[in-house]
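To start, the structure under review is shown below, and the notes come after it.
Counting convention: from 1, in listed order, for ligands and their atoms alike.
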Amino acid sequence: MRLLLATPPMTQLNTPYPATAYLTGFLRQHAAALNLTVTQADPALLLFLRLFSRAGLSRVAETLTARARAGAASGRSGPRMPPPPASIARFLAEPGRYVAVVEPTIRFLQGRDPALALRIVGRSYLPEGPRFAHLASPPGTDDDALPDASLTWAFGALGTTEQARYLASLFVDDVADVLREGIDPHFQLSRYGERLAASAPTFDPLALALAAPPTLVDEALEAITAELLETHRPDVVGLSVPFPGNVYGAFRMAQTIRRLSPHTRLILGGGWVNTELRTLREPRVFDFFDYVTLDDGERPLLNLLTRLSGGDAPLVRTYVREAAAVVLRHDRTQHDIPTRETGVPTYDGLPLDRYVSVFEMLNPMHRLWSDGRWNKLTVAHGCYWKKCSFCDISLDYIGRYEQTATDVLIRRIRAMVEETGQTGFHLVDEAAPPAALRALAERLIAEDLHITWWGNIRFEKAFTPDLCHLLARAGCVAISGGLEVASDRLLTLMQKGVTVSQVARVTRAFTDAGIMVHAYLMYGFPTQTVQETVDSLERVRQLFEAGCIQSAYWHRFAATAHAPIGLHPERFGITLRPLPEITFAHNDLEFDDPVDPTGADRDRLRHGLEKALYNYMHGLGLEEDVRTWFEDRPPSGPRGASRPRSQRGAKKQAVPPAKVPRDLIARALAGEG
Ligand code: SF4
């Protein structure tokens, strides 16, 4: 039996999503027993490369040019057509130039043609569309353009190659805008048709989109799927959908596989399924897929493949359609595979030299996510804390904690370095446990194993200065963790188990050890007032100023169905709005918060919070009163940069002053908080 595992479009471009690598490594241990051949593919990457090619862009140019001509002709005899969006107008001004540079530029972003950097930084090689516009205006200014061909303000000490990668990434963004605005409204670089699937109570919008005539993007995906069938001739295809932005692509692929290879069995699984399809009742899903599996794929797939190869094994967490009804088959006597037995992830079959490192310059941690090739490693399944009220702790991927033994981790690290030739590791844990990180670091040092790694943690006391230095010596270069609302009252309410003072000391310990720190921030938490949000920003300002954190991102709080807040909203002072009947996806919940009944405060504060962070990450505006960022001004540019108040005329104050002492974090670092 031949099994093909694949990640449908779209997902990140710089490195393979780990699910198929994990499952391929696991299932190959059982290949002989099941007479199974397991291969994997990354149609997300393949689709990107197909579109961002000479042939792909030529077709886009032909389609848009023909449409523009038809529009001009009809405009002469009837009402005038509205002008095209700026991205398309720019593209159609010089389509041949876009077509000519696209493949060299992608090769450059794949790291296969470094010499091109010198041409790109000259600023005459790439056609520059709307995504380049902000380069005329440094952060700290408003709309007044200050052209600076050397881009010193933007790049600081970055070398030529990195400058060129940033410019090439803007070119990719421009072309992606052309595709979305001119060819297929569902297309984005890292997601495809996301809105059709995210918390969609019914299958209807997705069914409608799948029944629509294919766009150029759909046709490219169809061709890729046909080629994969031709190459792998699979009896079974397993599609892993980590996010809502992979769902439309998965169903489009399944549609093609059903048509071209009706005997092939289709399995759907992955993070989105595990989160959003827990109450699936929609039989039409099974027009596309034969099986839908929940949670970790190892056990359900092993049992399913055993059955499909003629053996006897009960189904585990597997939806099937029986007599037009959706039924979840789950044999409770079956256990999940312990982490020790899940094997070594393998990237065998994936084109590792074709991944594309786009360069997200503005947020240092986002750069790590989108830049470079990272082997993926899991130190522990689930979260050892599993208490945060906004987190999906009732789901298996958070709630079932199991640590991986250090010797197993070391074996996997050695095997992946050997296979890929690459020594970068992203620990994909929800929150890597400090004791396990210490044990791993000690072994890496003891065995003189040189890797570079980063991952997600909780900012807890166990990360002492000594431990942070040990982690740095073992190759840790960056960590991220949740500071969330940056308010002790709300951190207690959300059961985060940390205080702001503690976060200050822990993050400073990491920074002092030379490890970059990224903080996840949150606003709009139930009962959070405007005053508390302003105070949170003041604490964040001080953390940047004190050198505790170098990178951060504000998330707007969202209530979800599997988190304590979604399960027990009354404990958090909010009321959930009634839901429509749900037969398909279920996750996000709308709610009413008496503190901000219309959500207007959250909307009003968002831009100021983002603007402040943007500037702080550039080292700007740290001395300013935080009210500055909430002034009633329109955004100053595509990246939302804005000049601090002292450099321009004062505007009306939209928020109250912060009530936090200006030396709060300094005192915490001195051990007084
Ligand atoms: S938010 Fe992070 S620390 Fe909290 S329960 Fe979830 S995974 Fe664990």
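- The closest protein non-hydrogen atom to atom 2 (Fe) of ligand 1 is Lys496 NZ, 4.1 Å.
- To the nearest 0.5 angstrom, Met522 atom CE is 13.0 Å from Leu609 atom CG.
- Within 6.0 Å of CZ on Arg373 lie more than 12 heavy atoms contributed by other residues, nucleotides or ligands.
- Here 1 is the count of protein N, O or S atoms positioned under 2.8 Å from atom 6 (Fe) of ligand 1, waters not counted.
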One pair to check against ring pair (Phe, Tyr, Trp, His ring centres under 6.0 Å): Phe390 and Phe557. What are the steps and the verdict?
CA-CA 8 Å; Phe390 58 87; Phe557 166 76; 7.4 Å; no

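- Enclosure of atom OH in Tyr553 is not indicated, since only 12 or fewer non-hydrogen atoms of other residues, nucleotides or ligands lie within 6.0 angstrom.
- Residues His518 and Ser480 have side chains that never bring a donor and an acceptor to within less than 3.5 angstrom of each other.
- A donor and an acceptor atom, one from each side chain of Asn246 and Tyr17, are nowhere located under 3.5 Å apart.
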Begin with the C-alpha distance, continue with both residues' side-chain angles, and end with the deciding distance and a verdict on salt bridge (charged side-chain N to carboxylate O under 4.0 Å, His left out) for Arg400 and Asp336.
CA-CA 10 Å; Arg400 184 169 62 80; Asp336 272 300; 3.8 Å; yes

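- Below 4.0 Å from some heavy atom of Arg458 lie the following atoms of ligand 1, by number and element: 3 (S).
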